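Below is one structure; the comments refer to it alone.
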Amino acid sequence: MKIFKNKLELKDFLSKQKKEGKSIGFVPTMGALHEGHLSLVRKAKEKNDISVVSIFVNPTQFDNEEDLLKYPKTFDNDVKLLESVNCDVLFFPSVEEIYKDNIVSNNFNFDGLEHQMEGKFRDGHFDGVGTIVKALFEIVEPNIAYFGKKDFQQLQIIKKLVKKYKIPVKIKGCVIYREDDGLAMSSRNARLTKEHRKTAPFVYKTLKKAKKKFGIKNANELTEWVKKQFKKQVLLELEYFTIADEKTLETATVIESNKKYRAFIAVFAGEIRLIDNIRLK
Ligand code: PAF
């Protein structure tokens, strides 16, 4: 695996590959890789000639200084994992390489997608995501980029970004990878205490139960039911549960048969924030 820290050197290498007619599959990450990330790399390899992964803990998408400082950094292990799936290229820039001395995000208008759910609770988060993803796309110029559906709102926002800025890349949303007990894989899971790790699968269990009740209970009743379940769980604190239109991400009050819906949830397990979602019928 080739490792680049310098964006111009990476650009130069990739442009030579493109001139030879090779396609590029890209997986942007913040490191602390897990099986979910590796599944994206496998997909990138399957469909493209060259797989590129970036590891960059992007400071502008954190609304909480402590979360940024404590974000797990496991570079040596990440390299081993990437080599185990034969990743071709790793881009591992410094903050200066990306932002120079001006660590700020651009302001984006994602047609309202950015104001829903995570946008309400994480100030400026999607401006930060938009800034880094756009910058990475400009450096890597991939044919296809792969994102997990755990961050479903992020996925929709990146699709919007690409459309608005006419960036010639196909965005592929990929299934959520889960631990055996149902907990959605996330780099932040490594920071859960033993007790919180044991309780965390309750999030997905509740989502699955809510999915079964969808259609029997209306959106409001279901939301109230979920809130009640979390009141009984002292170790988990529900931040939001919402049923939203997959396209607009707006909270649904009335369910229309021609639309697709998802249930979205954010929960605190101690100081670790977990998010998850499930497709509803
Ligand atoms: O999902 C992530 O890991 C990050 O938000 C991303 C897309 C790599 C941008 O920093």
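All ligand and atom numbering here is 1-based and tracks the order in the structure. Sequence positions, counted from 1, serve as the residue numbers for this chain. Side chains included, hydrogens not; waters and symmetry mates left out as well; all remaining heavy atoms used. Quantities reported herein were computed from a predicted structural model and do not represent experimental measurements.
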Show which atoms of ligand 1 fall inside a sub-4.0 Å distance from at least one heavy-atom site of Ile132.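 Ligand 1 atoms under the 4.0 Å threshold to Ile132: 9 (C), 10 (O).
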Among all protein heavy atoms, pick out the one at the shortest distance from atom 3 (O) of ligand 1; state its residue, atom name and that distance to 0.1 Å.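 Of every protein heavy atom, Met30 CG, 3.7 Å lies nearest to atom 3 (O) of ligand 1.
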Between [X] and [Y], how do the two ring planes meet: parallel, tilted or perpendicular, split at 30° and 60°?
X      : Y      : result
Phe214 : Tyr261 : tilted
Phe264 : Phe152 : tilted
Phe121 : Tyr240 : parallel

Considering only heavy atoms, which of Gln61, Lys150, His37 lies nearest to atom 9 (C) of ligand 1?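 Of the listed residues, Gln61 has the closest heavy atom.
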With sequence neighbours excluded, what pairs up with Tyr177 under the ring-ring contact (aromatic ring centres under 6.0 Å, His included) test?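 Not a single residue meets the ring-ring contact (aromatic ring centres under 6.0 Å, His included) criterion with Tyr177.
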Test your reading of the structure: does Gln154 have an N or O sitting under 3.5 Å from an N or O of ligand 1?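 Gln154 vs ligand 1: N/O contact under 3.5 Å present.
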Kindly state each residue pair satisfying salt bridge (charged side-chain N to carboxylate O under 4.0 Å, His left out) with at least one member in residues 71-80, sequence neighbours excluded.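 Pairs touching residues 71-80 that pass the test: none.
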Should the proximity of Thr29 to ligand 1, defined as any heavy atom under 4.0 Å, be assigned to the side chain, the backbone, both, or neither?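 Looking at Thr29 and ligand 1, just backbone atoms fall under 4.0 Å.
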